[in-house]
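Bear in mind that the values here come from a model prediction, so they are computed numbers and not experimental data. Every chain is numbered from 1 and lettered A, B, ... according to where its sequence line falls, protein lines coming before strand lines.
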Amino acid sequence: MTTLTAIGRTATPWDVARVRADFPILSREVHGRPLVYLDSAATAQKPRAVIDAISRYYETGNANVHRGVHALSQEATNGYEAVRVLASRFLGAASPHEIVFTSGTTAGLNLVAQSYGGSTLRPGDEILVSEMEHHSNLVPWQLVAERTGAAVRPIPIMESGGLDLAAFEKLLSGRTRIVAVTHASNVIGAINPINAIAAMAHEVGAVVVVDGAQSAPHLRVDLQAIDCDFFTCSGHKLYGPTGIGLLYGKYTLLEQMPPWQGGGGMIRDVRIDRSTFAPPPERFEAGTPPIAEVVGLGAAIEYVMQWDWEALVGYEQDLVAEAAQRLAKVPGVRILGEGADRVSVLSFVMEGIHPHDAGTVLDTLGIAVRAGHHCCQPLMRRFGVPATIRASFGAYNTLDEVEALVSGLGQVRRVLGA
Amino acid sequence: MKELDELYQSVILDHNRSPRNFHRLEGATAHAEGRNPLCGDQFEIWLKLDGELIADVAFLGQGCAISKASASMMTQAIKGKTVAEARALFEQFHQVVAGAGEEKLPAKLEVFRGVSAFPIRVKCATLSWHAMKQALEKRNHAVP
Ligand SMILES: Cc1ncc(COP(=O)(O)O)c(C=O)c1O
């Protein structure tokens, strides 16, 4: 096992062997080889603490929330609300009332687009989105633009992979209502300077919606420092369960927003022909929520909050930098967006070899990477490639696994005759 | 891994590198596009029909080695065949790559039997075949 000291650039060591021991799945084999899981950007693996918390909840605490007078329901409600408090501390929200539970990043972005966008956008208004957005931070804006007569305009990115801030500044105008950008790219890993973007956008009175799906697992997010208006992330990329995510919104904005979906739990008073609604966050949580998933997310947040994040970030960034260096030496490999500061997510293409073929060969070696357009077709077009091979590294990945990938590419080249 | 060598046989790699009939077809009478939205693979197929006879066929597009070689070898396999024969070959090919057919394929197409060990790649191998079938179905529509 390679420890951080072997990479040797960060002061605080990261005990990767200890972290790996917390993840049961990492001891399994795939096609007779030890699993090398380099696809945490798609979904992260789950530590024992999360798996146990979900089982424990179903075995000893299962009940619906916010509706029973009985003890189990009260316990479940307390547990559910405790996770909201934990999440608000984790992200640095001003209050737990600013945290809405959603089913994931996609749901969070659709909620903001439909509720905030749908109620505020007028014909001629503009929504700025970057060229590196995941389809989930693009299509919801297209849908609401169509409905309201607003226009979606692209913020270009540079060959280096960074957002073109000069072009962004020129695009900003009195018509700009919403700026929707990702905190970190799920394809090239590029980290966007949200503070600067938010300051510029606020100057013209626009609100800033941040897709934090890839930043929450890799950067110490502090919403007070970032000063965006909305931020959303997925539990399953943060070592938690699927089906649960967080949406943060500044309370003054959430308060003005109409409900997204109607149903139980989000109302104040219901008549047959009209209703009044609960204040946020309940206003946006219609129906029975994914309670076990919230419990699991709570366990995940607790688990990652006991980490030394300075050590983690240093470790992951060293790992991805080392991976980039070694990959660049493989004949025919081109890394996309080489110049940007990045989280531990990396995309590359190989001369004469389609990413799917590379992915299939790597899979036979037990190496899990993602091959495809990663739900970022505009970014693929920007770089002139149909697809990429993506390797993404989490808290449990090692330098040995980077080496396995690099030597796996040798096998890719042999099998595919390149 | 044996399955891997059976998947990426030299014939497939050769057709991937130098696809045959890889061009737009002037005077085509049938056309369709095959797309896999999950992975972005995309091919266009043109056919020139003379009554029930497939007089010429060509394709363009991009995709993995499996999808490209399959398209290339399909064009060779159906050129000069009748529409009914091409449809029958589609069914046979589909069965074999999906691992559901024991029957023999025309000699050259046999190399695709290895795909059946990689269920995820069946879509790649059949993408252009589906496009061909679709083109035949709408053969009287205008060709772009
Ligand atoms: C940057 C980014 N945004 C949004 C999403 C969508 O997240 P989810 O599928 O969990 O809703 C993902 C992950 O697929 C992502 O990487």
Side-chain angles (χ1 to χ4, degrees), chain A residues 29-33 39 42 134-136 138-139 187 332 336 347 349-390 407-418, chain B residues 1-19 22 33-44 59-73 97-99 111-128 130-131:
Chain A
E29 295 192 339
V30 169
H31 303 308
R33 308 276 200 124
D39 199 19
H134 189 281
H135 296 164
S136 67
L138 184 53
V139 182
V187 178
L336 268 58
S347 262
V349 290
M350 296 176 81
E351 176 92 53
I353 296 176
H354 194 280
H356 286 165
D357 298 313
T360 291
V361 177
L362 291 172
D363 178 56
T364 63
L365 301 171
I367 302 170
V369 294
R370 176 119 180 235
H373 56 57
H374 319 290
C375 301
C376 286
Q377 287 184 333
L379 185 68
M380 298 294 111
R381 276 187 205 110
R382 164 66 183 80
F383 280 106
V385 297
T388 75
I389 305 162
R390 179 183 73 185
S407 74
L409 294 183
Q411 171 79 342
V412 168
R413 285 168 46 81
R414 270 191 299 283
V415 171
L416 294 164
Chain B
M1 195 183 183
K2 189 170 119 282
E3 287 87 351
L4 205 54
D5 296 331
E6 274 167 21
L7 181 64
Y8 292 112
Q9 297 185 35
S10 55
V11 185
I12 289 183
L13 297 181
D14 175 56
H15 277 264
N16 176 44
R17 256 190 305 268
S18 338
F22 193 62
E33 195 183 37
R35 256 173 204 275
N36 183 344
L38 285 180
C39 61
D41 285 6
Q42 163 185 7
F43 290 99
E44 274 187 275
F59 81 108
L60 273 179
Q62 60 189 11
C64 60
I66 304 301
S67 63
K68 202 182 224 175
S70 170
S72 170
M73 292 172 74
V97 296
V111 296
F112 287 99
R113 195 175 290 275
V115 172
S116 62
F118 297 84
I120 287 177
R121 308 303 297 273
V122 173
K123 277 216 169 83
C124 311
T126 55
L127 183 61
S128 60
H130 280 286

Quick one: do D41(B) and H356(A) satisfy side chain to side chain contact (heavy atoms under 4.5 Å, CB included)? Show the steps, please.
-> CA-CA 10 Å; D41(B) 285 6; H356(A) 286 165; 4.1 Å; yes

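Around the CD atom of E29(A), the shell of radius 6.0 Å holds more than 12 heavy atoms that belong to other residues, nucleotides or ligands.
The distance from atom CG of D5(B) to atom OG1 of T364(A), rounded to the nearest 0.5 Å, is 9.5 Å. Rounded to the nearest 0.5 angstrom, D357(A) CG and C124(B) SG are separated by 8.0 Å.
Using a 4.5 Å heavy-atom cutoff, the side chains of D363(A) and F118(B) are not in contact.
Side-chain N or O atoms of R121(B) include none that pairs as donor or acceptor with a backbone N or O of T360(A) at under 3.5 Å. With hydrogens and angles ignored, the 3.5 Å screen pairs a side-chain donor or acceptor of H373(A) with a backbone N or O of P37(B).
Looking at I120(B), there are no atoms closer than 4.5 Å to chain A (heavy atoms on both sides), in backbone or side chain.
For H354(A) against A65(B), the heavy-atom pair with the smallest separation is CB-N, 4.4 Å. When all heavy atoms of V361(A) and L4(B) are compared, the pair lying nearest together is CG1-CD2, 3.9 Å.
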